[in-house]
Structure formats: C-alpha cells, structure tokens
S.K.: 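Starting off with a structure, shown below.
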Amino acid sequence: MLSHELFYQGRRVLVTGHTGFKGTWLCWLLSALGAEVYGYALPPRSGCLYEKARPPIAGERLADIRERAEAERVLSQFRPDLIVHLAAHAYLDGSYEYPAEIFETNVMGTVGLLEAVRQSGRRVPTVVVTSDKCYAQGLGGRPCREDDPFGAAEAYSTSKACQDLAAQCYRISFPGLPIATARASNTIGGGDFNKTRLIPHLLDCFSNGQPAALRNPGFVRPWQYVLDVLWGYLTLAKALAEGTITGDTSFNFGPASDGFQTVGRVAELLAAYFPGAEYELGAGGPSGETQLLRLDSGKARELLGWRALYTLEETLAQAADFQKNAGHNSAEELCREQVGQYLKRTRELAG
C-alpha cells in the first residue's frame with residue numbers, strides 16, 4: 001500500500017471512460033492515493049454513478065474516444081504521466097443491433113488513443129483494459145492463461161479481442177511506448193445501474209420486492225470486487241512505468257477460487273441480504289457467450305504481487321450495503337467509505 005501511495009502521490013493520471021461505472025470508482029481510488037486525476041469520456045448518462053458521486057478530479061474533457069483529434073487535444077492539455085484506458089462499449093448489449101459501432105469504439109477508439117500517444121513524442125505508460133471475454137472456448141474447463149488463443153462469437157467479445165491485439169501491436173511495433181493490456185472478470189460493486197447486467201438486475205429486483213429472472217443460470221463466470229480489479233490496473237500501471245515488467249505485458253485479473261460460480265449461485269448468495277427476495281431460474285437460450293469462463297491470475301500474482309483481497313461473499317455484501325444505504329447516504333459518502341475500507345485492508349495486509 002505504501003509503495004502505491006508514494007508512487008501515485010501527485011502523479012497526473014488520465015482515465016478514459018471516467019464517467020462509467022469502473023471509471024468513477026477508479027477516480028475515487030486514485031484520488032484517495034493522492035493522484036492528480038483527469039478524465040476523458042462521453043458525457044455521463046442521467047442518473048449514473050458518476051453523476052451521483054462526482055469524484056474529485058482535476059479536469060475532464062467530455063468527447064467521443066473515436067475522435068482522434070480530441071485525443072490529441074486531451075494529451076496536449078492534460079499531459080498525463082500515465083493513462084488507464086477504460087473508454088469502450090463495455091457490455092454484450094448491442095452486439096446484434098449495432099456491431100459496427102462497437103468495433104469503431106473498442107478497436108479504432110483504442111488505436112486512435114495509442115496513435116495520439118505515439119505522435120505526442122512523450123513516454124506515457126498506458127494500460128489498455130480489454131476483457132476476459134476475448135479468450136476462445138474449448139479449454140475443457142481449464143482457467144484461461146494469457147497465452148491462450150483468442151476467439152469469440154459476437155461483436156462485443158470479438159471487438160475486445162481485436163482491441164487487445166491492437167494494443168499488443170503498438171507495444172511490439174513501437175518499443176518506446178510502454179503499453180500493457182488488462183483482462184478482468186465480471187466486476188461487482190455499488191452504483192452499477194446497468195440493469196442488463198446480472199448484479200444490477202438482481203439488486204434492483206431484490207430491493208423492490210420483485211422476482212428476478214435469470215438468463216443462463218448454469219453459466220460459470222469469474223465474479224470479483226470492482227476495487228480488487230482496479231487495484232490490479234493500478235499495480236500494472238505502476239510496474240509498467242517503473243519498467244519492472246518486460247516481454248508480454250498482458251495480465252489476467254481474476255478472483256480467488258471462491259469467485260468462480262454459476263449465475264444461479266450468485267443470485268442465491270445475493271438474495272440472502274434481502275429478506276423475501278425471489279428469483280426464477282430460466283432455461284437459457286441461444287447465446288454467443290462462453291458457458292464456462294475461468295481466469296488464471298498466476299502471472300499477476302507472481303510478477304506484480306497482486307491478488308484479490310475480497311471473497312465473493314464480501315464482494316456481494318459491499319454491493320448490497322451500497323444499494324441499501326443509497327437512500328440514507330449520498331453516493332459520494334458511500335464511495336469514499338468503501339474506498340477507505342479497501343485501502344485499510346491493503347495496509348493491514350502489507351503489515
């Protein structure tokens with residue numbers, strides 16, 4: 001923890017996609033570490049966590065990541081020491097309705113940002129956040145490792161695989177650009193209001209006394225606390241900036257073994273925090289999604305010293321507490337409190 005505080009104190013960090021769910025939490029986490037945080041993203045959606053919590057940032061530009069000229073202006077204006085690139089179409093929705101837009105945002109948006117960094121002539125370590133959905137199926141249940149083949153069936157997953165490959169291309173083609181890719185699991189945390197995702201859907205139904213319908217309850221996913229994932233990104237960014245990692249700089253950030261659970265089991269665990277909560281197990285349907293997805297985070301543990309600090313039950317408890325207390329406390333207070341709790345745990349474990 002101390003090394004992170006010393007490293008990030010006063011450092012200028014650009015977070016693309018800062019108005020999104022993970023972006024908002026990352027801004028709060030960076031601010032707590034003493035960083036000077038800048039944002040570049042589309043305007044926040046009405047009622048989103050960013051609008052409610054308003055993390056302390058030094059400056060922002062609200063513009064489309066696909067506009068390369070905007071990326072150049074952002075780099076010139078904010079002159080970041082580090083970049084964490086989150087801006088993306090970040091969910092499966094739309095894969096069959098507007099696939100071209102998803103590819104433009106996730107792939108060419110990333111290429112435009114990296115090209116702007118290259119043209120700036122400055123050494124700006126950049127962590128490109130992709131997804132665990134980029135891996136191919138057919139591993140027989142074995143956890144995915146960073147050197148496993150990519151493969152996907154629908155636009156979102158395929159675009160994230162292409163985004164990852166584009167980042168690797170820039171890293172290999174231009175050795176002076178420190179670039180890493182981070183592949184993380186399904187993140188859980190308070191303030192995620194996208195009800196097309198499982199946890200927000202369950203929290204909304206359970207808190208309003210409505211039965212929740214589950215799609216594909218037998219699918220296994222890695223479920224993980226949002227601050228654990230973000231701590232992984234920051235640990236990777238620090239290592240990238242300090243030059244302590246070389247070669248393939250792609251890293252998985254997944255949960256401990258208890259975090260690999262079926263959709264149905266996660267619903268069961270979360271329902272325990274809401275007396276009388278009900279859910280219905282659907283039969284599932286045609287889907288391009290991977291049925292069994294597990295991540296091997298051994299590389300991050302070995303080379304970065306990172307590991308998940310929260311169990312699945314602790315993670316779900318944090319999300320449930322945020323939902324229950326949202327009517328009594330401001331989102332800003334809840335974000336500050338949970339970030340404080342997380343940093344306290346990192347200090348305790350650091351000894």
S.K.: Closer than 4.0 angstrom, basic N to acidic O: yes or no for Glu268 and Arg265?
M.R.: yes

S.K.: Flag the pair Arg54 and Glu332 as a salt bridge only when some basic side-chain nitrogen lies within less than 4.0 angstrom of an acidic carboxylate oxygen.
M.R.: no

S.K.: Less than 4.0 angstrom from a charged side-chain N to a carboxylate O is my criterion; do Lys22 and Asp192 meet it?
M.R.: no

S.K.: Do the side chains of Asp204 and Lys195 get close enough for a salt bridge, i.e. N-O under 4.0 angstrom?
M.R.: yes

S.K.: For the pair Glu348 and Arg345, find out whether any cationic side-chain nitrogen is under 4.0 Å from an anionic carboxylate oxygen.
M.R.: no

S.K.: State yes or no: are the ring centers of Tyr40 and Phe78 separated by less than 6.0 Å?
M.R.: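 Not under 6.0 Å, so no.
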
S.K.: Can a side-chain donor-acceptor contact be found between Gln163 and Thr130 if the only test is distance below 3.5 angstrom?
M.R.: no

S.K.: Where does the angle between the aromatic ring planes of Phe274 and Phe206 fall among parallel (under 30°), tilted (30 to 60°) and perpendicular (over 60°)?
M.R.: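 Geometry flag for Phe206 against Phe274: tilted rings.
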
S.K.: Hey, is Lys299 close enough to Glu146 for a salt bridge, meaning N to O under 4.0 Å?
M.R.: no

S.K.: For the atom pair CZ (Arg12) and CD (Glu36), what is the distance rounded to the nearest 0.5 Å?
M.R.: 4.5 Å

S.K.: In terms of side-chain geometry, is the basic nitrogen of Glu302 or Arg307 positioned less than 4.0 Å from the acidic oxygen of its partner?
M.R.: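 No, this pair does not count.
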
S.K.: Do Tyr50 and Glu60 pair up side chain to side chain, a donor and an acceptor below 3.5 Å, judged on atom types alone?
M.R.: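 On atom types as modelled, these side chains qualify, holding a pair under 3.5 Å.
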
S.K.: Pairing donors with acceptors under 3.5 angstrom, does anything connect the side chains of Glu154 and Ser157?
M.R.: yes

S.K.: Looking only at the aromatic ring of each residue, does the gap between the centers of Phe103 and His89 stay below 6.0 angstrom?
M.R.: no

S.K.: Are Tyr135 and Arg145 linked by a side-chain donor-acceptor pair shorter than 3.5 Å?
M.R.: no

S.K.: Check this for me, if you would: do Arg347 and Glu5 make a salt bridge, where the nitrogen-to-carboxylate-oxygen distance has to be below 4.0 angstrom?
M.R.: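 A salt bridge is present here (some side-chain N lies under 4.0 Å from a carboxylate O).
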
